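First the structure, in the form of structure tokens, and then the observations on it.
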Amino acid sequence: MVVALPHAIRDDLDAYKTALAQYDRAAKHLSDVDDGVLMFMKYPRREFTVNFPVRRDNGTMEMFTGYRVHHNTALGPTKGGLRFSLGVTLDEVRALAMWMTWKCALVNIPYGGAKGGVVVDPRTLSQRELENLTRRYATELVPLISPQMDIPAPDMGTNPQVMAWIMDTYSMTVGYSVPAIVTGKPIGIGGSHGRTQATGRGVIVIMEAALAKHNLTNPADIRIAIQGFGNVGSNAALYAEELGYKVVAVSDVEGGIYNPNGLDIKGVINHMHNTGTAVGYLDAEPVGNSALLELPCDVLIPAALEGQITEKNAEEIQAKFIIEGANGPTTPEADDILNERGVFIVPDILANAGGVIVSYFEWVQDLQAFFWDETEVFNRLVRIMGDAFERTYATATDKQVDMRTAAQITAIKRVADVITTRGFYP
Ligand code: GLU
């Protein structure tokens, strides 16, 4: 049953509009779910906006705006990353929080969805300014976060050091150390082995499952193009190379590089450490960020921003598989074109769930103060992702729908069942 967009929420902005359109497509297949429950799940539960000052190194004060949205809390505490980027808007944070709800529900981990962000380009701040901004924002978040209520993590523009400052700020406020307040921390303060690599590795685990369904089992025959070379893109590239796949193109904000015979990923990473960008790497030709999406390849991994694959370029994409490392990289219009063309898309909430799965492991380890080795983390990650892929594939086959709709149906149904069982209060 499709329900109308709630009046209180604008639908003229992009990411949230995409999230709601995807929801409506899945909701059509959920005629057994009460209309009221379907409407309830469209609303973010809480939205928090904060404006706060940070003193720059030159002595001047600057104002910054930050957000945190808790989308749905039925399954447990909310979980989701913090983004530091100039592109952050309340609309984007809402969409990302909603996707976190479906992601956690799909892979069966006991969390609701949340997301946060600060409108800032972290590259324009000194380390001290970044620390001050993070600590002030974390202080503002104190009433909203706790290991039982909401657990932030890294996302675009944030990293383990930022998580360490948040953990310290929260711990100083309550008076004792609370490692489980954030995930994606450095290992020495309660982080988990494998967390940094988890999202990128998980993307490749899912890619292999998708290829296997199409009897493509020889890595050396598969050419992969990756848009975005941050934490997700670079770890996906490294793991793909380790398994013998040919990574033919990668890109970052400055642009991309292409070598049809395969790039040496460790070489590209070295070049990046030295120069700050993949661009200029010698053994490759330059390619623009949008041209990368249209290169000849078998697998395309968008691992950057939302809204990259649209009705404008969907016809030009040559890949037969799209594995979404980013959240929301494909618009619903592009989905229609690509599905029509028979491109196999594994959606974000399945393909990039490795990050939040290992975040869950980190939280569990912190709560128990009992830590696992990397092999245990990785084996458990592969088991959960493999299981989620098989369940989604079975739903897609059974209901004759694409993988995104199948994943959303499964996730929405799980949350709906929990809401229905718990009942509405009062
Ligand atoms: N930011 C990541 C995501 O979009 C990870 C969230 C987490 O680990 O809580 O899935």
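Just follow the structure's listing: the first ligand is 1, and inside any ligand the first atom is 1. In this chain, numbering begins with 1 at the start of the sequence shown. None of these values were measured; they are calculated from a predicted model.
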- Message: Starting from atom 3 (C) of ligand 1, what is the nearest protein heavy atom, named by residue and atom, and what distance separates them?
- Response: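 Going by distance alone, atom 3 (C) of ligand 1 is nearest to K103 NZ, 3.4 Å.
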- Query: ring-ring contact (aromatic ring centres under 6.0 Å, His included) between F40 and F424: does it pass, once the steps are laid out?
  - Reply: CA-CA 10 Å; F40 175 70; F424 286 99; 5.3 Å; yes
Atom indices of ligand 1, in the order listed, that fall short of 4.0 Å to a heavy atom of [X]:
X	result
G80	9 (O)
M100	3 (C), 4 (O), 6 (C), 10 (O)
K115	1 (N), 3 (C), 4 (O)
G81	1 (N), 6 (C)
D155	1 (N), 2 (C), 4 (O)

Out of [options], who is nearest to [atom] when you count heavy atoms only?
atom	options	answer
atom 2 (C) of ligand 1	G355, G328, A153, P154	P154
atom 8 (O) of ligand 1	G354, P152, S359, G116	S359
atom 5 (C) of ligand 1	R195, E362, K79, R83	R195

- Query: From R223 CZ over to D298 CG, what is the distance, rounded to the nearest 0.5 angstrom?
  - Reply: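 One finds 4.5 Å between CZ of R223 and CG of D298.
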- Task: Ignoring angles and geometry beyond distance, decide whether T183 reaches within less than 3.5 Å of ligand 1 through its nitrogen or oxygen atoms.
- Result: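 In fact, backbone or side chain, T183 has no N or O that close.
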- Query: Is any side-chain heavy atom of I309 less than 4.5 Å from a side-chain heavy atom of L338?
  - Reply: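 A side-chain contact exists here, since the closest heavy-atom pair is under 4.5 Å.
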- Task: Tell me, please, whether Y393 has K213 positioned over its six-membered ring: NZ or CZ under 6.0 Å from the ring centre and within 45 degrees of its axis?
- Result: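 Flagged: K213 positioned over aromatic ring of Y393.
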- Query: If you draw the axis of the six-membered ring of Y16, does the NZ or CZ of R94 fall within 45° of it and under 6.0 Å from the ring centre?
  - Reply: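 Satisfied, under 6.0 Å and within 45°.
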- Message: If the threshold is 4.0 Å, N to carboxylate O, is there a salt bridge linking D417 and K413?
- Response: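 Between K413 and D417 there is a salt bridge, with a charged N closer than 4.0 Å to a carboxylate O.
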- Kindly say whether the aromatic ring centers of F378 and Y239 come within a distance under 6.0 Å.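 Yes; Y239 has its ring centre under 6.0 Å from that of F378.
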- Message: Using the ring centroid of each side chain, check whether H214 and F321 are separated by less than 6.0 Å.
- Response: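 Yes, close enough.
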- Where on L96 is there a heavy atom closer than 4.0 Å to ligand 1, on the side chain, on the backbone, on both, or on neither?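 It is neither part, as no heavy atom is under 4.0 Å.
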